[in-house]
Amino acid sequence: MSDDNNSNSNSNRILVIDDSPAIHEDFQKILGSGAANTDELDAMEAMMLGGEEEAEAAEMSFELTHAHQGEEGYNCYRQAKEAGDPFFMVFVDMRMPPGWDGLQTIKAIRQIDDEAAIVVCTAYSDHSWEEIAEQCNNFDKLLILKKPFDPIEVTSLAKSLHERWELQMQARLRTDELERLVRLRTSELEIELAKDKDRMDQLEQAVAERTAELRKLAFTDKLTGLPNRVQFHDVLIDAVAANQRDPGHAYAVMFIDFDGFKTVNDSLGHDSGDLLIQQIGGRLKGAMEGKDFIARDISPLALAARLGGDEFCVLIDGYQDESEVMASAHALLEAFKQPYDIGGTVINSSASIGVTLSRFNYDSAEDVLRDADTAMYAAKAGGRGMAMLFEESMHESAKLQMALKNDMHLAMDEDQLAVWYQPIVSLESQHAIGAEALLRWMHPEYGMVSPMDFIPIAEESGLICEMGAWVLEQVCLQLARFPKLKYMSFNVSRYQFADPTFIDRFDQVIARTGVDPGRLVAEVTESSMNQDAAVAAQCIKQMRNSGMRVYLDDFGTGLSSLGALRNLTVDGIKLDRSFLDDTVFSRRAAAIIDSAVTLANDLDMQLIVEGVESVEQVAMLQSLRCPAAQGYLFSRPVPEADLSQLLAKPSALSVKIAA
Ligand code: C2E
Ligand code: MG
Ligand code: MG
């Protein structure tokens with residue numbers, strides 16, 4: 001079938017190609033409109049075929065076009081087809097001299113339309129039937145009409161070919177319609193698909209955005225906005241690897257822990273704790289951005305992160321000089337030391353920093369963090385507010401610290417704590433005038449643990465408040481048993497000052513035990529003034545208001561011992577034992593002790609010299625008119641039963657002095 005879409009589906013056009021005008025006339029008469037014998041023919045046909053439909057069909061007429069030569073006929077056929085008004089059939093004469101014969105004409109037509117319905121009109125054949133079949137495409141579509149022809153045969157041929165044409169056209173219309181529908185549906189589907197693709201794109205973008213968000217969350221600390229442990233760990237892994245490839249590529253890690261955070265958290269609540277963490281994080285960020293954080297020409301990468309709780313870490317990747325790292329750590333300490341305003345409450349504290357360096361040849365990030373953490377613990381044990389560089393020897397003490405930290409809560413619950421007492425002796429009367437209560441931890445595994453080892457842990461965990469109250473209770477209970485003692489002293493940690501219930505607890509203990517508060521001496525270390533002098537002064541005032549006396553302990557070791565005395569009213573000072581150290585005991589030490597005696601007299605304070613270990617020291621102190629002393633020479637700290645024995649025989653103390 002032709003693919004010419006412009007074709008007229010209702011063609012009734014017939015092309016007659018014959019060189020004989022008479023034949024044209026015959027065709028015109030038989031098939032053309034207004035043919036003289038049409039009626040007669042129709043009537044005949046109707047009669048022969050019978051039925052009304054056929055009679056109706058017989059009435060139809062065709063439009064004939066006449067060509068007298070083969071080539072002319074071909075041109076007619078082509079033009080009609082091109083104009084979209086094609087012939088539905090062609091009659092072709094076989095012999096048409098002098099031009100193309102029928103065969104040539106048929107071949108030409110078939111070239112442009114292999115579906116053409118062609119009727120070969122032949123009286124006798126110049127070509128054999130086989131010859132025609134061989135040379136024409138679609139031989140089966142050729143029909144033969146023998147001359148002279150029978151009008152009925154011509155008419156029925158035309159009609160049946162017309163019918164076939166119509167059927168073909170209808171089929172073609174349906175196919176076209178189908179194709180149109182398919183195209184329409186296809187384009188609809190394409191639109192749907194495009195919409196789906198849009199939706200998919202939107203979905204993909206939403207997924208990508210959400211993934212990025214989650215990624216950010218996974219790597220960021222919510223409270224401070226700093227990188228979190230996971231991110232820090234990743235970056236540290238890279239630094240360790242870079243150092244393994246090139247040992248010249250040095251890195252340092254600082255492990256930072258806020259001193260006494262737990263106390264703040266417990267006393268002021270978690271919200272305040274969170275605020276404090278945010279401020280610490282903010283200072284860390286500020287320090288990282290500030291130009292004096294790392295003094296250097298080159299620009300190493302510095303990454304600060306919050307590991308959790310009050311623990312932060314800084315990685316300095318690619319530094320040149322170790323002193324740069326320590327200078328940076330001290331710059332951070334300075335930043336952390338400034339007061340914090342937590343919703344109107346001013347908090348003074350510090351941070352401890354442990355530092356480790358790539359020169360210890362690490363092969364895992366975990367080991368780096370472990371050693372930085374160990375150094376941080378050493379810094380805390382060393383007095384807080386300081387930075388310490390890791391050393392191998394720190395591991396052992398770190399292990400002990402860790403074990404103590406884990407076991408600390410059992411110490412109170414399982415009665416592992418004890419209070420021991422060390423007499424305080426009057427150098428004049430040579431009698432014990434008081435005793436200092438010193439805490440001991442009888443650890444089931446490590447034996448007696450020194451307060452130097454566990455008090456910092458108790459301070460860090462906040463347990464110190466409970467412990468302090470417990471010690472006071474023991475002291476109050478014992479005081480009744482030692483009527484001869486003017487007083488008993490007990491140590492108060494500056495971390496207890498952060499506890500708002502601190503003074504109430506003390507008052508409750510005093511009330512419960514019915515002790516005379518005038519027989520209680522609270523020893524406050526001079527270094528607590530360094531951190532928050534105002535709060536310490538307030539607490540000292542409250543204790544004195546409760547009827548207790550307050551002595552300044554370890555006097556002379558703080559940064560501003562005289563400054564502390566100017567701003568505070570205390571009842572006594574305990575001169576630190578470092579002034580009596582045998583190796584340095586000298587004229588210089590004597591001069592200082594002499595001044596302390598004068599100072600105490602002038603300010604109307606008690607003076608006790610700590611750490612007396614030899615009779616020579618006693619003699620020296622007596623010559624300086626030093627009133628009281630405490631030290632191993634008289635007695636080491638002992639359990640309360642031993643103190644009873646000691647005090648029962650006053651000679652035990654005086655003999656030592658006289659010796
Ligand atoms: P501190 O208050 O200065 O107590 C004196 C420390 O010096 C005690 O050490 C005592 O045994 C030691 N000492 C006394 N005489 C001599 C001597 O002649 N030579 C030498 N080398 N040392 C002497 P201890 O009992 O180990 O206590 C250490 C520190 O632990 C105390 O220093 C105090 O700051 C703290 N501490 C002890 N018990 C408590 C407590 O109940 N609460 C608080 N917050 N701190 C306590
Ligand atoms: Mg003391
Ligand atoms: Mg002391």
Side-chain angles (χ1 to χ4, degrees), residues 260 263 381 383-384 408 411-412 417-425 432 434-442 448-476 478 487-499 502 505-506 509 520-528 536 539 543 549-558 570 572-585 606 608-618 621 628-639 642-643 653 656:
T263 314
R384 280 117 209 269
M408 176 128 288
M412 296 263 334
L417 294 180
V419 179
W420 284 19
Y421 301 88
Q422 186 178 33
I424 296 166
V425 179
E436 178 177 5
L438 293 160
L439 197 51
R440 297 290 179 264
W441 180 4
M442 309 301 178
M448 196 172 75
V449 184
S450 158
M452 306 294 260
D453 288 328
F454 72 83
I455 293 285
I457 300 173
E459 288 177 337
E460 194 54 34
S461 67
L463 262 179
I464 192 68
C465 299
E466 231 178 298
M467 281 186 182
W470 182 79
V471 170
L472 176 63
E473 180 141 19
Q474 303 309 303
V475 166
C476 292
Q478 293 304 325
Y487 64 89
M488 272 194 181
S489 67
F490 61 99
N491 295 281
V492 178
S493 159
R494 71 181 166 95
Y495 286 86
Q496 287 169 265
F497 296 161
D499 173 11
F502 147 80
R505 278 188 197 236
F506 278 16
V509 172
L520 291 171
V521 170
E523 294 187 10
V524 177
T525 57
E526 196 197 72
S527 58
S528 27
C539 289
M543 287 192 285
R549 282 173 293 155
V550 178
Y551 286 7
L552 217 47
D553 203 355
D554 304 340
F555 188 77
T557 55
V570 289
I573 50 179
K574 294 184 79 175
L575 195 65
D576 191 70
R577 70 164 185 270
S578 55
F579 292 100
L580 279 192
D581 196 328
D582 258 339
T583 52
V584 293
F585 193 61
Q606 297 300 313
I608 299 159
V609 179
E610 297 184 286
V612 177
E613 293 182 355
S614 68
V615 284
E616 291 77 18
Q617 286 170 343
V618 172
L621 293 175
Q630 179 182 352
Y632 290 171
L633 175 71
F634 310 113
S635 169
R636 290 188 173 252
V638 291
D642 296 5
L643 181 69
L653 296 172
K656 283 177 182 161

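The model shown is predicted, which means the values in this text are computed figures rather than measured ones. What's counted below: heavy atoms across the whole structure, side chains too, no hydrogens, waters or symmetry copies. In this chain, residues are counted from 1 in sequence order. For ligands, and for the atoms within them, numbers begin at 1 and follow the listed sequence.
Annotation: Gln496 places no N or O atom under 3.5 Å from an N or O atom of ligand 1; distance criterion only. Considering both main-chain and side-chain atoms, Met452 never comes within under 3.5 Å of ligand 1 through any nitrogen or oxygen pair. Ligand 1 has a nitrogen or oxygen under 3.5 angstrom from a nitrogen or oxygen of Glu610. For ligand 1, the polar-atom distance check against Thr525 finds no nitrogen or oxygen pair separated by under 3.5 Å.
Other residues, nucleotides and ligands contribute at most 12 non-hydrogen atoms within 6.0 Å of the CE atom of Met452.
Separation of the Phe506 and Phe490 ring centroids falls under the 6.0 Å cut-off.
Taking a 4.0 Å cut-off on heavy atoms, Glu436 registers as neighbouring ligand 1.
Using a 4.0 Å cut-off between heavy atoms, Lys574 makes no contact with ligand 1 at all.
Around atom 42 (N) of ligand 1, the closest heavy atom drawn from Asn491, Leu438, Asp453 belongs to Asn491. Which of Arg577, Gln422, Arg440 comes nearest to atom 14 (C) of ligand 1 through a heavy atom is settled by distance: it is Gln422.
Every residue two or more places apart in sequence or in another chain that forms a salt bridge (Lys or Arg N to Asp or Glu O under 4.0 Å) with Arg505 is listed here: Asp499.
The Mg ion (ligand 2) has an N, O or S atom of Asn491 closer than 2.8 Å. Put simply, Glu610 stays out of reach of the Mg ion (ligand 2), with no N, O or S atom under 2.8 Å from it.
Geometry note: the Mg ion (ligand 2) is the vertex, Asp553 OD2 and Glu436 OE2 are the arms, and the angle is 170° (rounded to 10 degrees).
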